[in-house]
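The chains referred to below are lettered A, B, ... by the order of the sequence lines, with proteins before strands, and numbering in each begins at 1.
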Amino acid sequence: MKKISKKTLSKVWFRWMCGNLSSMSFQWLASFGFSDSMVPAIKELYGDNKDEQIAALQRHAAFYNTEPQLGCIINGVVCGLEEERANGADIDDEVINGIKIGLMGPLAGIGDAMVPGMLVPLLLSIAIGLSNGGNVLGPIFYIITYMASVTIGTYYLFFKGYQLGTKSIDLIVGEAAQRIREAFNLLGAIVVGGVGASYVAVNTALQISTGNEEAPVIINNVLNGIFPKLLSLVVVLFCWWLMSKKKVSALKVMGILVVIAIVGVSIGFF
Amino acid sequence: MKKISKKTLSKVWFRWMCGNLSSMSFQWLASFGFSDSMVPAIKELYGDNKDEQIAALQRHAAFYNTEPQLGCIINGVVCGLEEERANGADIDDEVINGIKIGLMGPLAGIGDAMVPGMLVPLLLSIAIGLSNGGNVLGPIFYIITYMASVTIGTYYLFFKGYQLGTKSIDLIVGEAAQRIREAFNLLGAIVVGGVGASYVAVNTALQISTGNEEAPVIINNVLNGIFPKLLSLVVVLFCWWLMSKKKVSALKVMGILVVIAIVGVSIGFF
Amino acid sequence: MKKISKKTLSKVWFRWMCGNLSSMSFQWLASFGFSDSMVPAIKELYGDNKDEQIAALQRHAAFYNTEPQLGCIINGVVCGLEEERANGADIDDEVINGIKIGLMGPLAGIGDAMVPGMLVPLLLSIAIGLSNGGNVLGPIFYIITYMASVTIGTYYLFFKGYQLGTKSIDLIVGEAAQRIREAFNLLGAIVVGGVGASYVAVNTALQISTGNEEAPVIINNVLNGIFPKLLSLVVVLFCWWLMSKKKVSALKVMGILVVIAIVGVSIGFF
Amino acid sequence: MEIGVFQAILIGVLSYLGSLSCPWLLGLTGGWYTISRPLISGFLIGLVLGDVTTGIIVGVAVQVVFIALVTPGGQMPQDLNSAAYIGVTLGILMVKRGGTVESAVSVATAVGAIGTIFHNFMMFTNTFWNAAATQAIKKGNYKGLFLNHWVLPQIVQACYRIIPTFVVLYLGQSYAGDIIAMFPVDSFIMRALTALGGMLPAVGVAILLKQVTKKDIDIIRFLLGFALVAALGMNMITLAIIGAYFAYNHFVYTAQSIPAVAAGGMGDDLEEEL
Amino acid sequence: MEIGVFQAILIGVLSYLGSLSCPWLLGLTGGWYTISRPLISGFLIGLVLGDVTTGIIVGVAVQVVFIALVTPGGQMPQDLNSAAYIGVTLGILMVKRGGTVESAVSVATAVGAIGTIFHNFMMFTNTFWNAAATQAIKKGNYKGLFLNHWVLPQIVQACYRIIPTFVVLYLGQSYAGDIIAMFPVDSFIMRALTALGGMLPAVGVAILLKQVTKKDIDIIRFLLGFALVAALGMNMITLAIIGAYFAYNHFVYTAQSIPAVAAGGMGDDLEEEL
Amino acid sequence: MEIGVFQAILIGVLSYLGSLSCPWLLGLTGGWYTISRPLISGFLIGLVLGDVTTGIIVGVAVQVVFIALVTPGGQMPQDLNSAAYIGVTLGILMVKRGGTVESAVSVATAVGAIGTIFHNFMMFTNTFWNAAATQAIKKGNYKGLFLNHWVLPQIVQACYRIIPTFVVLYLGQSYAGDIIAMFPVDSFIMRALTALGGMLPAVGVAILLKQVTKKDIDIIRFLLGFALVAALGMNMITLAIIGAYFAYNHFVYTAQSIPAVAAGGMGDDLEEEL
Ligand SMILES: OC[C@H]1O[C@H](O)[C@@H](O)[C@@H](O)[C@@H]1O
Ligand SMILES: OC[C@H]1O[C@H](O)[C@@H](O)[C@@H](O)[C@@H]1O
Ligand SMILES: OC[C@H]1O[C@H](O)[C@@H](O)[C@@H](O)[C@@H]1O
């Protein structure tokens with residue numbers, strides 16, 4: 001019975017965490033990050049068999065991309081599978097690759113929504129509050145809480161994945177897992193709403209002069225009277241609509257915003 | 001294959017929107033509004049056959065009532081059915097009448113809850129805010145937003161109904177539709193709660209004199225300390241209880257409120 | 001057909017309400033409270049048969065404990081069962097005891113969560129507000145509202161239980177009942193959260209001196225900036241963790257808090 | 001402020017155009033639900049009388065009383081139309097002559113109660129035209145239907161609205177000052193009317209509440225909305241968003257055991273269809 | 001302020017009437033859950049001593065510490081009764097002699113901790129009467145049951161409450177001033193007791209929290225309530241309404257695959273029954 | 001304020017360490033997601049330049065613009081790294097020379113837009129090393145893999161980051177004053193950049209929104225979060241707690257007809273597993 005030692009597993013985790021995107025390109029993204037991170041495990045499991053080593057390396061050099069931090073759990077799962085395989089279980093390349101491909105997509109989506117979408121803005125919003133007047137507490141708070149939670153969290157997830165091994169397939173693709181993903185999406189949507197309301201800031205300089213010179217109608221106040229931060233909301237929904245309905249890329253959307261900024265200032269809207 | 005032209009359909013929509021309650025009485029309400037609105041469609045479908053025309057007119061002169069604006073979708077559905085019928089489908093008077101009767105009830109309830117119950121107070125509450133100090137923005141805001149949303153919305157609903165035709169039966173009476181109705185009721189109940197809290201204003205003038213002449217106990221403050229706007233809430237729930245448990249009519253409830261106002265002022269409660 | 005008279009039932013209710021814990025000990029708690037409360041009913045049902053009386057008394061002197069107020073419904077149910085039994089129904093000691101034991105647990109849990117957990121703090125929180133500056137309104141409000149709601153409520157529950165009799169088993173142990181219990185737990189958890197936020201008050205006196213003598217960093221403000229009442233929340237969760245994960249008794253937890261208070265003041269934390 | 005003949009007629013015509021059954025402004029959409037709202041009528045009357053600001057101020061105050069008015073099956077607990085035109089115009093007059101806005105509201109409230117007579121009378125007389133229309137339909141007589149649905153009922157309805165409005169406003173305007181004098185703000189009747197005005201919206205709210213609740217326990221939803229606004233001061237749009245979120249949840253979470261996917265599919269269909 | 005013999009006895013009697021097992025005020029309904037609440041005891045003691053205002057002020061402050069006290073299965077983490085009578089009375093004395101309300105709370109907290117001895121002692125002695133009651137029941141001896149359930153345990157309990165209260169208050173009152181003098185507000189012990197007082201409600205809250213959560217993740221509900229109050233300053237009734245709305249939702253949305261209508265029916269039944 | 005050679009290099013090295021693909025600080029965890037956040041870079045640059053306070057003030061302002069930046073599949077709508085190092089440093093310089101914080105933000109925004117070139121160029125050049133790595137793997141050549149994954153791409157990447165940063169900061173610093181002079185705060189370009197800065201976070205927000213919504217109606221959840229913060233001023237943690245409560249509800253209430261217990265069990269498993 002072969003078993004990957006805890007020390008080797010820790011090495012795999014660390015190697016992945018550091019090198020996941022080290023040689024990233026649009027064509028390969030985290031592919032070599034993944035195969036390289038498997039090196040310690042591969043050497044331990046197939047130490048006596050160079051051919052098996054090469055086969056394993058190649059197996060893990062297929063296209064791969066996910067959110068590297070949350071995605072840590074896949075690396076754990078794959079270590080578990082490799083171990084079973086090395087012990088003779090009937091797990092061929094197809095299966096392992098299938099699992100990697102099946103999991104990397106959902107975890108990229110959820111991961112991006114959870115890490116840069118929720119955890120980062122949440123901690124930053126607190127840190128910004130603490131930074132008031134240039135206080136160093138803010139950055140220190142962020143560095144400590146972010147680093148600690150992600151380091152501990154990914155380490156935990158990696159080992160959880162390893163323990164689950166093949167069981168993970170049900171658990172991550174099954175019905176309950178889908179509900180969990182949906183639940184996280186729901187949470188993500190709510191928090192993103194809060195981020196939008198907190199940090200998008202669109203205001204108009206428009207005024208309608210009434211008879212009374214002193215008291216023109218300030219359109220910005222009117223709009224906020226209808227609903228607070230209405231213009232900011234409109235801009236977010238506009239960007240969303242462009243991207244999800246008109247399939248405009250994020251970069252082009254930024255271009256459009258540049259145009260809007262320029263035109264808006266020209267016509268006195270901003 | 002007979003087909004009602006888009007122009008004729010628009011005419012039906014417009015004729016219904018204008019004339020729905022034009023000759024309303026408790027006995028007939030929107031009956032003639034409905035049959036009259038069908039005239040252009042009837043002429044187009046049965047143009048060569050006076051008997052069929054008369055039959056169609058009579059078919060649509062049965063008792064009819066619903067919330068005229070949201071109810072627009074029924075008119076669309078009926079146009080769809082008439083078209084199918086004119087093309088020989090097996091749709092007799094019973095069916096058409098059954099659909100009208102089956103839909104008009106739910107749509108009257110939901111419609112009243114949505115239009116005068118939600119949309120109108122919502123837009124008015126914003127408009128009232130904008131009207132501060134007699135500002136014309138308020139009325140203008142209301143006129144534009146109400147007219148635009150209802151005109152566009154009913155036009156859309158009418159044509160949606162027309163496209164659905166017989167399929168509408170499942171869709172409006174089926175399980176999912178019931179859940180949608182329930183969902184709208186839920187939304188209505190919450191918004192109505194907000195309307196009640198915003199605009200019912202019952203306060204008592206009662207005071208309990210303590211030893212200290214200067215600081216009598218002001219009952220109104222005590223009650224609001226227990227729960228804000230408690231008296232207003234009590235009055236709403238009292239009216240609701242009268243109407244839904246004691247089957248008192250709205251008019252009688254108003255009479256009771258008149259009595260309460262008079263007695264209340266007499267005994268120094270108000 | 002024997003029937004317990006309404007007057008006798010009222011007596012049972014009253015006798016239970018007064019004497020439930022009159023002779024409480026950890027070993028017996030409400031046991032004698034229960035059997036003693038049954039005396040009027042037993043006399044009425046088995047008036048002619050001393051042996052049956054003794055059997056009934058003994059039947060109800062088994063270990064018993066529940067939240068005495070909400071638990072009133074069980075007394076009603078048991079009266080209903082005794083009546084059926086006296087009329088010859090096939091209800092033996094096992095059944096009656098089984099029902100009592102089956103119900104007393106859930107109702108103790110829910111009862112403690114609802115009465116001292118929700119109703120009392122809710123009314124007290126209002127009363128505390130009304131007591132501002134030593135105003136007698138507060139205590140009077142509490143006395144009246146608490147006494148009235150519990151007296152009426154328990155009386156109602158008792159008679160409801162009596163009417164249900166054996167039907168109660170389904171109703172209190174069935175699927176819908178479990179959902180109701182869950183719903184009450186949910187409500188309880190939310191309200192307890194509010195109680196915690198309102199009345200736990202943990203603050204730290206820690207300061208970090210910066211270069212600027214005048215403006216040290218006040219840690220309490222920093223923590224509240226992260227999340228309002230963060231320290232209070234931490235203390236509650238710490239107590240909860242001790243009790244539910246480490247199985248520490250409430251008394252020992254209080255001992256730990258005493259130690260924390262002393263150490264905290266020593267090291268300048270408080 | 002004086003109301004001229006022409007102005008009084010104009011207000012009467014506006015009143016007619018805003019009545020529930022009037023078809024000319026896209027039916028009740030532009031009529032009843034738009035220009036019969038006291039906020040809008042205040043604005044329009046202000047335009048007619050040349051003081052928009054006062055018009056809107058009085059309109060807002062009266063609007064609040066009738067904010068939740070609903071007329072299920074044509075039943076009218078208060079005649080919003082006469083409150084909006086006769087009532088608000090009288091109110092404006094009173095305010096211009098030194099009365100308070102509160103007293104203006106009281107008068108509008110009283111007028112609204114009396115006005116129900118006109119509505120109910122119309123509902124009664126229309127049965128005659130209805131009978132004639134039934135006959136016309138039987139014979140396929142389109143002209144007859146047109147006459148008895150679009151023309152005759154409207155002529156009568158126009159009289160019901162324009163004449164009383166004109167009479168009350170043009171002839172009654174001299175008494176407006178007297179009303180103010182007769183019922184000072186802290187008179188019994190004014191205080192009673194003010195108290196009534198505060199309670200009146202409760203009727204509309206209760207009618208709606210009855211309509212949107214099936215079981216008694218559903219009023220917890222009403223209480224939720226009430227509490228969020230009363231205790232947190234939430235504005236109505238925020239409340240509507242929260243409500244919409246909960247409504248969507250309700251739709252999703254009550255999906256029954258009916259084969260999950262199928263049900264989901266149906267819901268999706270409906271969502272896309274409607 | 002001086003406490004007379006009669007006053008001290010009266011407070012002792014109130015203390016007895018408010019003890020957990022005392023039956024005379026509709027059992028724990030009027031006793032433990034009403035007059036043993038420090039807010040109420042403060043009021044009553046105030047009446048006895050002739051200074052209701054001070055009584056209530058001290059009562060409120062002590063009440064807060066014990067707001068969430070719960071005694072599952074007769075276990076008493078703090079003896080509320082002695083805190084409410086001995087503690088609050090001492091507190092009132094201290095305040096009248098120049099002490100702060102905070103120091104009064106500290107003393108009440110300390111008394112509450114010590115008082116658990118009386119409760120536990122009663123729970124112990126009652127086992128004797130319980131044994132006798134068991135015998136009485138076996139013989140169908142109603143009188144014996146009555147004596148050993150209603151009379152004897154109560155006589156003992158009365159002693160446990162009245163005597164210590166009298167002794168501490170009547171004989172101890174002369175030391176109240178000394179306590180204030182001995183432990184100034186910023187003394188170590190006072191600061192520790194104050195810190196303790198702020199943390200104590202956490203115990204009751206945690207006991208309840210444990211009771212209402214089945215799974216760890218359920219504490220998200222607790223967090224919800226905490227956040228709404230801590231961050232939005234929501235009052236308790238508003239929170240209870242929101243909570244009730246969510247509770248109702250929970251009931252509705254967890255209806256299982258069990259034939260929909262049947263389940264609904266059952267729920268409805270229950271709703272109507274309970 | 002002057003930037004010395006050594007300081008400029010140090011900032012360049014920090015910039016490299018914070019770039020998305022740099023492995024040395026636990027990969028993107030300590031790099032991209034920590035020291036490339038403008039709040040942190042402001043702090044670090046402040047340390048290097050000897051004015052932490054100004055560094056953090058500028059960092060906070062720039063951070064807000066990029067609060068919701070997400071880079072799905074390595075696509076970078078804005079190069080946060082150059083904004084955080086080149087942009088923030090220039091911003092600090094400008095503020096020290098009398099510019100406003102707003103103008104500093106504008107410059108950082110502009111730099112962020114231009115910086116995407118460096119990122120995309122790296123993504124392009126890395127394909128060469130990728131090809132070599134593929135060959136190495138084929139032969140089981142671990143050294144080759146190491147070289148082409150850890151060493152060579154990083155050397156190139158270090159150049160892409162350190163050189164431009166050094167050049168712009170060290171050589172460009174003399175122009176910082178000129179930029180301020182050229183574009184006064186109320187100049188057209190500054191106003192446009194400020195408006196842009198206010199709108200930019202919308203892009204990140206919209207990207208995320210697209211990712212977390214499956215059906216259009218799901219944006220009601222986004223609206224809920226938006227409304228709670230915009231209208232009630234709720235802080236982010238409170239919102240996250242509310243959101244977590246709703247998320248948990250969603251998990252519980254969507255449990256399907258699949259035999260209730262089994263489904264519950266699975267969920268429980270997962271909860272415990274994950
Ligand atoms: O109640 C449905 C419907 O009934 C009548 O047609 C009118 O009162 C409408 O305003 C109302 O919407
Ligand atoms: O826990 C249930 C119940 O146990 C004992 O009977 C007493 O402590 C009661 O106050 C409590 O409600
Ligand atoms: O989108 C998933 C993933 O794609 C790439 O690997 C990088 O851009 C990551 O930052 C991102 O999380």
- Excluding sequence neighbours, so at least two apart, what forms side-chain hydrogen bond (donor to acceptor under 3.5 Å, both in side chains) with E:H119? none
- Query: Donor-acceptor pair, C:N20 side chain versus C:M17 backbone, under 3.5 Å?
  - Reply: yes
- Considering heavy atoms only, which positions within residues 59-66 of chain C lie below 4.5 Å of chain E? C:A61, C:N65
Select one option (side chain, backbone, both, neither) describing which atoms of [X] are under 4.5 Å from chain E's heavy atoms.
X	answer
C:V192	both
C:F270	both
C:L230	neither

Tell me yes or no: between the side chains of [X] and [Y], is some donor less than 3.5 Å from an acceptor?
X	Y	value
C:S25	E:N130	yes
E:Y142	C:Q53	yes
E:T29	C:Q69	yes
E:W32	E:S19	no

In terms of heavy-atom pairs under 4.5 Å with chain E, which of [options] leads?
options	answer
C:V263, C:V195, C:V150	C:V195
C:G138, C:S266, C:G264	C:S266
C:I140, C:V200, C:T154	C:V200

- Test item: C:F26 and E:Q75 side chains (from C-beta on) under 4.5 Å apart, heavy atoms: yes
- Is C:K160 close enough and on-axis enough to C:Y155, meaning under 6.0 Å and within 45°, for cation-pi? no
- Query: Counting heavy-atom pairs under 4.5 Å to chain C, which of E:A195, E:A230, E:P153, E:C22 comes out on top?
  - Reply: E:A230
- Message: Taking every non-hydrogen pair under 4.5 Å, which of E:T71, E:V203, E:L228 racks up the most with chain C?
- Response: E:V203
- Query: Can you say whether the rings of E:F124 and E:F128 are parallel (under 30°), tilted (30 to 60°) or perpendicular (over 60°)?
  - Reply: perpendicular
- Quick one: what part of E:V156 sits under 4.5 Å from any heavy atom of chain C, side chain, backbone, both or neither? neither
- Message: Does any backbone or side-chain atom of E:Q211 lie under 4.5 Å from a heavy atom of chain C? Answer side chain, backbone, both or neither.
- Response: both
